[in-house]
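Input: a single structure, listed below in C-alpha cells.
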Amino acid sequence: MQIRLTVLGHDGAEDTDVQVAAPADTPLAAVLGSLASAAAPGSPAPGAVFCEETRLDPRLAVLGRPPLTDGAVLSFHRPAEGTGREPAGARLLVVAGPDAGGVHLLRGGPARLGRSARADVPLDDPDVSRLHCAIELTADGSVTVTDLGSTNGTLLDGAPVTGGPHPVRPGALLRLGESVLRVESEAAPAPPPPGDRDRSGRRGLAGWALGLRGASAPGAPAAPEAGPSGSREAASRWPDPAAVLLTALESGPRLWERDAGHPDAFALRLGTAQQAPELLPPVTLALPAAGSLGVAGPRGRAVGVARSLLAQLAALHPPAALEIVAVAPGRAEEWSWLGWLPHVRPSRGQDCGLLLAFDAAQAAARVGELQARVAAGPPGDGRRTVVLVDGDPGEAATRAALARLAAEGPAAGVHLLVPAETPPATAASPLEETLVSARAASPVFAGCATAAVLSGPVATALRLVGPGGAASPTAGADAVSAAWAGRFARALAPLGQDPAAGGAPAPGGGPLPESCRLLDALGLARVTPGALRERWSGQSGLPLVLGAGQDGPAALDLAAAPGPLAVDGGPRSGRTELLASLTASLAAAQGPRDLSLLLVEGAGEGLRPAAELPHVASYLPATDPVRMRAFAQALREELRRRAALLGEADGGAEPFGAARLRVARVVAPREPGDARPEAPPMRAQGSGPLPWLVVLVDDFEALLAPPLSAPGRQAAGSVVRALDAVAREGHPLGVRLITAGGAPAAAIRIALTGHPAGRAELRHATGRATHFQAGRVTARIPRTSTLRPTVARLDWSRAGDPPARRPVRELGNGPTDIALLASAATRAAETDRTATATFV
C-alpha cells in the first residue's frame with residue numbers, strides 16, 4: 001500500500017509532501033517518527049498529530065483508511081490555523097473573475113474585500129481597490145454590503161452601491177472590478193480545509209479555499225459560435241470555479257457526472273458574458289469540436305485560465321472518460337498539483353509513475369506514448385486525453401511531434417492545452433498581432449485550431465478565435481490560483497471509480513502495481529485443499545481473475561462472455577504467462593467435476609506447467625500429427641455429443657448454466673493413476689453434471705501458418721477447423737475458447753503492452769476498457785520478508801520517470817505458484833474419483 005501525504009511546516013518551515021509505503025493495516029504510530037524527520041530532519045516523534053482539525057490517536061489511526069488517505073494533510077503539536085468548524089451563517093463564493101473559486105465563510109461582523117494583503121477576503125484582481133468593500137453578517141442573519149470608497153465602484157445585482165450598509169438578498173451578485181461574488185445564506189457550510197486564517201479576529205473567515213495556508217496567490221466548431229446563454233439552466237450546466245471546488249470538497253452529485261456519452265462531455269467554461277445583472281451567462285467551448293486550445297496572454301493570467309480549465313475537466317469527468325497529461329519541463333513547482341489527480345495515473349501501460357513530464361527525457365517519453373495513441377486511432381470507449389503543454393519540451397523532435405499532435409491529435413481523442421506568454425490584446429496591440437506573437441513563440445500553439453486570447457489593459461478579459469480567424473465578443477476570463485488548484489486536486493486524490501456503482505466516485509484507486517502474483521489477486525494467501533474446496537463450492541459461472549486492477553482484482557465472468565476471448569501481445573509481453581495464469585484462475589474457480597480444460601500449443605511448450613492441474617483433460621503439443629488429428633476429431637465429436645444431450649434435455653432452449661445440472665456426463669474421467677495429460681481417448685459412462693469445457697490455445701498464429709519444417713504442418717488445419725467450430729457452436733453448449741495470438745472474431749480481447757511485462761488492457765464488447773497488471777503463476781515463490789513501512793519525500797520532478805525495477809527474489813529450486821495450485825487441487829479432488837473428463 002502506498003499513500004501520499006503532506007506534513008505542514010511550522011515556524012516558517014516549508015510544507016513537505018511525502019510518500020508512505022506500508023503493509024495493510026499499518027497504524028500511524030509506525031511511521032510517525034519518520035514523518036516528523038522527513039518534514040524536519042532530526043525532529044523527534046511529535047506528542048500530538050492532527051489531520052486538518054481532527055486530533056488522531058496514532059495507535060488507532062490506520063494508514064490508507066479515512067482520514068489518512070491520499071492527499072491528507074497532517075500537522076504536529078497543534079491543528080492547522082483556523083480550522084475550527086463553528087457554524088457559518090453565510091458564505092461568499094467568488095464565482096467569476098481573475099481570482100475565481102474562493103469560498104469564504106461568514107460568521108458575523110464585517111469582512112473587508114480587496115486587493116490588499118490586509119483584506120479579510122483577498123482578491124487578485126487589478127481592477128479591485130486595496131480595500132474595496134465590506135460584507136457583514138448581522139446578528140439577525142441578514143447580510144449587508146458597504147462600499148469603502150473603491151475606485152471602480154461596487155455593483156449589487158447591477159446597481160451601484162454608494163456608502164452603506166445596503167441589504168444583500170441570498171443569491172445576490174456582487175461585482176468588484178472583473179470579479180463576481182455570490183452571497184449564499186441559510187446554507188450548510190463547506191468543511192474548511194487547513195489554512196483558514198483569521199485576519200479580522202473571527203476564525204474561519206478568510207479564503208480557506210485558496211490554499212493550505214489561506215493565502216491567495218498573487219461549445220462550438222469555431223470560437224465565435226461558442227457563446228453565452230442567458231438562462232439559469234445554462235448557468236447550472238456550466239458550474240463556476242467555486243462550485244467546482246465545492247463539488248470536489250463535498251463529493252457532490254455533479255462529481256464525475258459526465259462520461260464519454262454525456263451531451264456536455266469535454267465542454268469547457270472559459271468565463272462569463274456580463275450581460276444581465278442577476279445572471280452570469282457562461283461562455284463555453286466544446287473541446288471535441290474546437291480541437292486543441294491555445295491560451296495567449298501574460299503568463300500569470302494564461303496559466304490561471306489553464307488551471308481553471310483542467311480543474312473543470314477533472315471535476316466533471318471520471319478517469320475512465322478523461323486522461324490528463326502534463327508536458328512542462330522545468331516547471332514542476334507550478335504543475336505538481338496535477339500529480340494528486342486520479343486522472344494522471346498511468347492506466348494504458350505507460351512506463352512511468354505519473355503522466356507528468358518535467359524534463360526533456362520525460363517529455364520525449366510522454367510524446368512517444370501520445371503518438372502511438374494517435375496512430376491507433378480513436379479509442380472505442382470514447383475516452384479522451386487532454387495534454388497540458390507549457391514551455392519548451394526540449395528536443396527539436398519533441399517540439400515537432402507536439403506541433404503535429406496539436407493539429408492531428410483531436411481526431412484520435414487527444415487535445416492539447418497550450419498557454420503561451422504574450423502581451424494582452426489591446427488597442428495598442430491588436431488581436432491579430434497577439435496571435436502572431438504567440439505562434440512565433442510556440443510552434444505548438446501554432447498547431448492549435450482554437451485560441452483564447454486574453455485582452456484588456458490588465459488581461460482579465462478574453463476573446464475566442466476559431467480556425468477561420470473570426471473572433472468572439474469579449475468576455476470576462478475565469479482563472480484560479482495555484483493554491484486553489486492544489487486544494488482542489490487534494491480533494492480528488494483519494495478517489496477511484498466503483499464499477500459496481502456505474503463508475504461513481506469511491507475511495508481507493510491508485511497506480512497499477514509493477515507485478516502481481518495471481519494467488520494474491522485470488523486471495524489465496526495459503527493454497528490448501530480445504531481453501532480450494534471452499535472456493536469451488538461457493539462459485540457459479542466461470543469467474544476469471546486476470547490480475548490486479550486500479551480498484552482491486554480485475555475479473556470477468558467467462559460464462560457470460562458473448563464469444564471467444566483473445567489475448568494479443570508481442571514478444572516478451574507476457575502472453576504465454578497470462579494464458580497459463582488464466583488456466584490457473586479457472587482451476588481455482590471451479591472444481592474438476594464442474595470444469596474441464598483443454599490446452600493446445602501452437603508452438604513451444606509454454607503451457608506444459610499448467611497441464612499438471614487436475615482439470616486438464618488433454619494437453620496437445622503441436623509436434624504430433626497423429627494426436628493433432630485425433631484431438632480435432634474428438635473435439636468435434638464432443639460438440640455433437642453436447643448438442644444431442646442438451647437437445648434431448650430441454651430442446652436447447654435453456655441456457656447451459658442451468659441445463660448442465662440435469663445432464664450427466666458420458667465421457668469417463670482420467671483414472672487417478674494416469675498422470676499423463678496425453679492419455680488416449682476413453683468413452684464410457686461417467687457421473688455428475690455435464691462440466692464446462694474451456695479450450696485454451698497458445699500461439700494460435702502458428703497453427704494458422706505453421707512453418708514448412710513443423711511436424712504438425714499437415715494436421716494443423718484440422719485443429720484450426722475444430723477450433724472454428726468451437727467459436728461458432730460452443731457458446732450454448734458450455735464450451736468456451738481462449739486463444740493467444742491471431743484469433744479471429746473474438747468478442748473480448750486482452751491487449752498486452754509489454755511495458756512493464758504483464759501490463760494489459762481488457763477490451764469489452766461494448767468498447768469499455770479495463771486496465772490491469774496480469775497475474776503471474778510460473779515464477780517461483782518470492783522470498784518472505786518482513787515489510788517495514790517507509791517514508792520518503794516526494795520529488796515531483798521525477799514523478800514521470802519509469803518506476804524503479806526491483807527483481808523478484810525467488811527461493812532457489814522451490815515450487816512455482818502453479819505447481820502449488822496443481823498439488824492442492826489434485827488433493828482437493830481426490831475425494832471425487834469422477835472428476836475430470838479426458839478427451840484425447
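Remember, predicted model here, so these are calculated numbers, not experimental data. Keep in mind that the numbers below use all heavy atoms, side chains included, and drop hydrogens, waters and symmetry copies. Sequential numbering from 1 along the given sequence is applied to the chain's residues.
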Expected output: side-chain [X] to main-chain [Y] donor-acceptor under 3.5 Å:
| X | Y | result |
| --- | --- | --- |
| Ser585 | Val545 | yes |
| Asp699 | Ala702 | no |
| Ser596 | Pro592 | no |
| Arg535 | Leu522 | yes |

When you check the gap from the basic side-chain N to the acidic O, do [X] and [Y] get nearer than 4.0 Å?
| X | Y | result |
| --- | --- | --- |
| Arg759 | Asp351 | no |
| Glu637 | Arg641 | no |
| Arg776 | Asp817 | no |
| Arg348 | Glu323 | yes |

Is any side-chain heavy atom of [X] less than 4.5 Å from a side-chain heavy atom of [Y]?
| X | Y | value |
| --- | --- | --- |
| Pro691 | Leu595 | no |
| Leu598 | Leu696 | no |
| Arg575 | Asp698 | yes |
| Val567 | Leu582 | yes |
| Phe631 | Ser618 | yes |
| Leu599 | Val697 | no |
| Leu524 | Leu532 | yes |
| Asp557 | Leu544 | no |

Distance in Å, [X] [atom1] paired with [Y] [atom2], rounded so as to fall on 0.5 Å steps:
| X | Y | atom1 | atom2 | value |
| --- | --- | --- | --- | --- |
| Glu534 | Thr528 | CD | OG1 | 9.0 Å |
| Trp692 | Gln590 | CH2 | CD | 8.5 Å |
| Leu565 | Thr739 | CG | OG1 | 7.5 Å |
| Leu733 | Leu693 | CG | CG | 10.0 Å |
| His731 | Leu737 | NE2 | CG | 11.5 Å |
| Leu723 | Ser718 | CG | OG | 9.5 Å |

Taking every non-hydrogen atom, the tightest pair across [X] and [Y]:
| X | Y | value |
| --- | --- | --- |
| Arg366 | Cys352 | NH2-CB, 3.3 Å |
| Ala584 | Val777 | CB-CG1, 4.1 Å |
| Ala559 | Gly541 | CB-CA, 3.9 Å |
| Leu355 | Ile324 | CB-O, 3.7 Å |
| Gly730 | Leu639 | CA-CD2, 4.4 Å |
| Ala411 | Pro378 | O-CG, 3.3 Å |

- Query: For the rings on His615 and Trp536, is their centre-to-centre separation under 6.0 Å?
  - Reply: yes

- Query: Checking side chain to side chain contact (heavy atoms under 4.5 Å, CB included) for the pair Glu612/Ser823: CA distance, chi angles, key distance, verdict?
  - Reply: CA-CA 8 Å; Glu612 300 302 320; Ser823 174; over 6 Å; no

- Task: I would like to know whether Leu542 and Arg736 meet side chain to side chain contact (heavy atoms under 4.5 Å, CB included); could you show each step before the answer?
- Result: CA-CA 10 Å; Leu542 291 175; Arg736 300 293 184 266; 4.3 Å; yes

- Message: With side chain to side chain contact (heavy atoms under 4.5 Å, CB included) as the criterion, how do Leu558 and Ile738 come out once you've worked through the C-alpha distance, each side chain's angles and the decisive distance to 0.1 Å?
- Response: CA-CA 10 Å; Leu558 190 62; Ile738 302 176; 3.8 Å; yes

- Message: Before you tell me yes or no, could you show the steps for Thr770 and Glu761 under side-chain hydrogen bond (donor to acceptor under 3.5 Å, both in side chains), namely the whole-Å CA-CA distance, both residues' side-chain angles and the distance that decides it to 0.1 Å?
- Response: CA-CA 6 Å; Thr770 300; Glu761 177 182 89; over 6 Å; no

- Query: For Arg728 and Asp724, what are the C-alpha separation, side-chain angles and deciding distance, and is it a side chain to side chain contact (heavy atoms under 4.5 Å, CB included)?
  - Reply: CA-CA 6 Å; Arg728 292 192 313 270; Asp724 286 341; 3.6 Å; yes

- Task: Report the C-alpha distance between Arg373 and Glu408 in whole Å, list the side-chain angles of each, state the deciding distance to 0.1 Å, and finish with yes or no for salt bridge (Lys or Arg N to Asp or Glu O under 4.0 Å).
- Result: CA-CA 11 Å; Arg373 182 93 41 77; Glu408 303 169 5; over 6 Å; no

